[in-house]
**Q** 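The structure is given below, and queries will be raised subsequently.
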There are 2 protein chains.
Amino acid sequence: MATIHDVAQRAGVSPITVSRVINRSGYASQETRERVEAAVAELGYVPNRLARSLRSKRTHTLALVLTDITNPFFTTVARGVEDTASDAGYTVIFCNTDESENEEKKYLQVLLQQQVDGILLVPARSAPDSIDLIRKQHTPVVVLDRRVPSGVEVDTVRCENELGAYQLVRLLIELGHQRIAILSGPLGVSTAEDRLAGYRRAMREAGHAAEAQLVVYGLFNQASGAEMMRQILELEPRPTGIFAANNLIGIGALHAMQEAGLRVPEDMAVVSFDDLPPTLLTSPFFTVAAQPAYEMGQRATQLLLARLTGDASAPCQEIILPTELVVRQSSGQPRG
Amino acid sequence: MATIHDVAQRAGVSPITVSRVINRSGYASQETRERVEAAVAELGYVPNRLARSLRSKRTHTLALVLTDITNPFFTTVARGVEDTASDAGYTVIFCNTDESENEEKKYLQVLLQQQVDGILLVPARSAPDSIDLIRKQHTPVVVLDRRVPSGVEVDTVRCENELGAYQLVRLLIELGHQRIAILSGPLGVSTAEDRLAGYRRAMREAGHAAEAQLVVYGLFNQASGAEMMRQILELEPRPTGIFAANNLIGIGALHAMQEAGLRVPEDMAVVSFDDLPPTLLTSPFFTVAAQPAYEMGQRATQLLLARLTGDASAPCQEIILPTELVVRQSSGQPRG
DNA sequence: TTGTATGCGTTATCAC
DNA sequence: GTGATAACGCATACAA
């Protein structure tokens with residue numbers, strides 16, 4: 001492989017001059033410039049960023065650590081991150097933790113070793129530990145999608161989970177439902193907890209009894225959604241409305257209801273958090289609180305880039321974006 | 001940041017000894033080992049992979065260059081790549097080219113500068129140019145999903161596109177359809193061309209006229225699918241069967257048909273290439289030729305890793321996986 | 001406008 | 001078993 005020395009030799013200049021021409025830093029006469037560029041072309045010279053990074057202490061690489069890129073919400077977030085980073089000349093490394101703290105730790109170790117310039121983190125559980133780990137290496141970090149315990153100072157981009165959930169449940173209540181069950185995500189994950197809180201507030205305000213059996217906990221995936229729904233279907237009397245804490249849970253629930261011969265929304269109304277990309281449903285069906293996934297990725301990346309290029313000690317920002325209530329068929333008509 | 005020197009000093013040994021302990025290379029007495037490990041822990045030392053890579057000429061990083069990660073087919077491929085790479089101790093950089101040759105070139109330049117150990121490429125168009133560019137840096141490359149011109153020697157993993165398409169169209173023919181239109185992907189993309197070839201073979205064998213107007217070209221996305229479908233709906237007489245060259249085109253077509261008040265499969269039968277992940281459709285509906293997306297990512301990564309760790313000059317492999325014909329509702333019942 | 005000396009943090013090579 | 005030295009490829013500081 002040709003190095004900067006080879007190019008320098010060929011062009012009859014010193015390596016540093018080549019460096020200057022390539023990076024457009026410092027001066028270079030027109031003639032020198034041309035000679036260098038010719039040599040670069042002839043030798044097919046490709047600068048070694050590793051060496052550059054070692055020297056400059058900048059890798060121009062960001063990392064996005066999330067739970068599962070095949071969840072369409074995160075896929076869209078990832079695309080927002082990638083586009084924004086790429087425009088600014090950064091590349092992005094993706095890691096899937098599958099909600100495992102251990103995987104998260106392992107990935108963070110590797111990423112820090114790689115000297116990534118910054119990390120976008122969807123924390124699996126104990127955000128503070130991970131944030132500490134990252135901060136020890138003086139690496140900027142932005143927490144995405146999930147809330148961190150109060151008192152932890154860190155840039156954050158997330159949605160109004162409590163309010164979005166409240167609005168969804170409120171809608172069901174206004175449509176005349178009284179017994180509404182929630183298929184919740186895992187305890188310990190802030191999005192699950194906030195959505196549960198929104199559900200509880202709506203129920204409380206409407207004066208509906210807080211029945212423990214109407215709250216079921218599971219994971220943010222389809223299998224768990226189906227499982228939770230089967231549990232709910234055992235109840236006597238059955239709830240008439242279901243709040244699924246995310247899109248995958250909602251889909252799983254729908255399948256369980258189909259198995260049981262129930263129609264949605266005629267027999268049971270369903271609302272869920274997180275929209276599905278319009279490309280993915282043959283006919284948009286779910287009533288949802290939609291998060292601006294792409295924008296979340298975008299904003300989080302902008303925040304991170306600002307830390308890198310600007311003031312690293314500026315006060316932390318907490319960007320909380322609104323969800324959009326999108327009413328479709330699954331929530332049904334007002335009950336008689 | 002603590003360096004290997006700091007650790008060495010603290011442990012009262014030389015840097016190279018620290019290196020040996022950390023990398024489990026070479027000998028070290030039990031006592032030395034313990035002292036070093038203690039020093040590492042006390043200082044919170046994190047090895048700098050940049051420096052290591054500069055010296056060892058290995059970054060343990062792979063790149064996956066694809067057209068669009070939000071296409072669920074590629075999302076699943078990506079997950080297969082990431083899991084496989086991660087198990088082998090590699091991290092993965094993702095890049096979206098949006099089918100642009102220019103973007104592809106730009107990304108490849110950056111990746112080669114980053115000294116990635118290997119590249120998984122879904123070529124936008126002129127695969128040979130990109131392969132040359134990569135090979136000039138002696139970087140191994142595996143072509144994923146798409147065919148390269150014959151004569152180009154390169155490891156490849158893809159599906160039987162022609163056969164999968166043939167089977168889908170054949171199915172429509174057996175159901176009694178005669179006028180079948182194809183909503184094709186872009187000319188110049190091998191998957192689009194092979195699927196078109198499969199369509200043509202099935203039609204020819206069945207003795208159906210080769211009507212030019214039954215073949216429409218577009219892009220592999222939903223908007224284009226809807227657009228092509230609107231064009232087809234203008235035809236007199238209308239075709240009774242539609243072959244969508246991928247899932248997004250199929251969904252777009254479905255929307256266009258709904259707009260026009262047509263029911264599927266009653267008024268028109270639809271089959272399409274590429275399955276949608278089971279999580280994403282509320283009720284599986286499309287009859288498809290399903291590609292084993294996760295396995296494709298897995299196999300391609302294995303091939304690449306084999307090049308890295310094994311014989312770089314072994315003859316190239318071409319892995320061609322079968323598609324699975326999955327018959328669901330959208331293809332309808334036999335016509336009277 | 002261009003060049004020299006030096007160091008980034010690690011490991012390969014050879015020596016003890 | 002352990003260490004000294006040099007080198008990976010580039011860019012910073014300073015000098016000319």
Side-chain angles (χ1 to χ4, degrees), chain A residues 1-37 39-40 43-61 109-117 137-139, chain B residues 1-37 39-40 43-61 109-117 137-139:
Chain A
M1 287 298 72
T3 74
I4 201 168
H5 282 96
D6 304 327
V7 176
Q9 208 157 21
R10 179 133 193 162
V13 298
S14 76
I16 185 62
T17 302
V18 175
S19 170
R20 284 198 267 253
V21 170
I22 290 173
N23 300 310
R24 288 162 180 64
S25 65
Y27 304 91
S29 72
Q30 184 62 25
E31 198 213 318
T32 307
R33 184 175 299 279
E34 279 166 11
R35 281 224 309 284
V36 168
E37 277 162 0
V40 164
L43 295 173
Y45 168 67
V46 174
N48 185 327
R49 280 209 186 202
L50 247 44
R52 175 185 300 184
S53 296
L54 186 58
R55 196 68 244 257
S56 67
K57 304 201 175 296
R58 287 264 162 152
T59 55
H60 284 264
T61 301
Q109 300 276 12
V110 172
L111 295 169
L112 292 172
Q113 290 187 9
Q114 309 246 66
Q115 315 292 118
V116 296
D117 287 345
Q137 301 303 313
H138 308 297
T139 304
Chain B
M1 285 298 71
T3 75
I4 202 168
H5 282 94
D6 304 328
V7 175
Q9 208 158 21
R10 178 137 195 158
V13 298
S14 77
I16 185 63
T17 301
V18 175
S19 170
R20 284 198 267 253
V21 169
I22 289 173
N23 301 308
R24 288 163 179 62
S25 66
Y27 304 91
S29 72
Q30 183 62 27
E31 199 213 318
T32 307
R33 183 175 300 279
E34 280 165 11
R35 282 222 311 283
V36 168
E37 279 162 359
V40 165
L43 295 173
Y45 168 66
V46 174
N48 185 328
R49 281 209 185 201
L50 247 44
R52 173 185 300 183
S53 295
L54 183 59
R55 196 62 244 246
S56 67
K57 303 199 175 297
R58 288 263 161 151
T59 55
H60 284 264
T61 302
Q109 300 277 10
V110 172
L111 295 169
L112 293 172
Q113 290 187 9
Q114 310 245 68
Q115 315 293 118
V116 296
D117 288 345
Q137 302 302 312
H138 308 298
T139 304

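Below, chain A is the first sequence line, B the second, and so on; all start at residue 1.
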**Q** Looking across every strand, which nucleic acid part, if any, lies under 4.0 Å from A/S25 by heavy atom: base, sugar-phosphate, or nothing?
**A** nothing
**Q** Distance check needed: D/dA7 P versus A/H5 NE2, whole Å only.
**A** 12 Å
**Q** What does A/P15 touch in the nucleic acid at a heavy-atom separation under 4.0 angstrom: a base, only the sugar-phosphate, or nothing?
**A** nothing
**Q** Check the phosphate of C/dG3 against A/T17, side-chain N and O only, distance under 4.0 Å to OP1 or OP2. Yes or no?
**A** yes
**Q** Pick base, sugar-phosphate or nothing for B/T3, based on heavy-atom distances below 4.0 Å to the nucleic acid.
**A** sugar-phosphate
**Q** Do B/R55 and C/dT11 share a donor-acceptor pair, side chain to base, under 3.5 Å?
**A** yes
**Q** Please determine, for the side chain of A/P47, which listed nucleotide (D/dA4, C/dG9, D/dC10) has the closest atom?
**A** D/dC10
**Q** Between B/T32 and B/A51, just flag the one whose closest nucleotide in DNA chain D comes earlier from the 5' side.
**A** B/T32
**Q** By nearest nucleotide on DNA chain C, pick out whichever of B/M1 and A/R33 is the more 5' one.
**A** A/R33
**Q** Is the shortest side-chain N/O distance from A/N48 to OP1 or OP2 of D/dC8 below 4.0 Å?
**A** no
**Q** Is the shortest side-chain N/O distance from B/S14 to OP1 or OP2 of D/dT2 below 4.0 Å?
**A** no
**Q** If you compare every side-chain N and O of A/Y27 against the phosphate oxygens of C/dG3 (OP1, OP2), does one of them come in below 4.0 Å?
**A** no
**Q** If you assign B/S29 and B/K57 each to the DNA chain D nucleotide with the nearest heavy atom, which residue ends up on the more 5' nucleotide?
**A** B/S29
**Q** Looking at A/S56, I'd like to know whether one of its side-chain N or O atoms comes within less than 4.0 Å of OP1 or OP2 on D/dA11.
**A** no
**Q** Checking only heavy atoms, does the side chain of B/R49 share a donor-acceptor pair with the base of C/dG9 at less than 3.5 Å?
**A** no
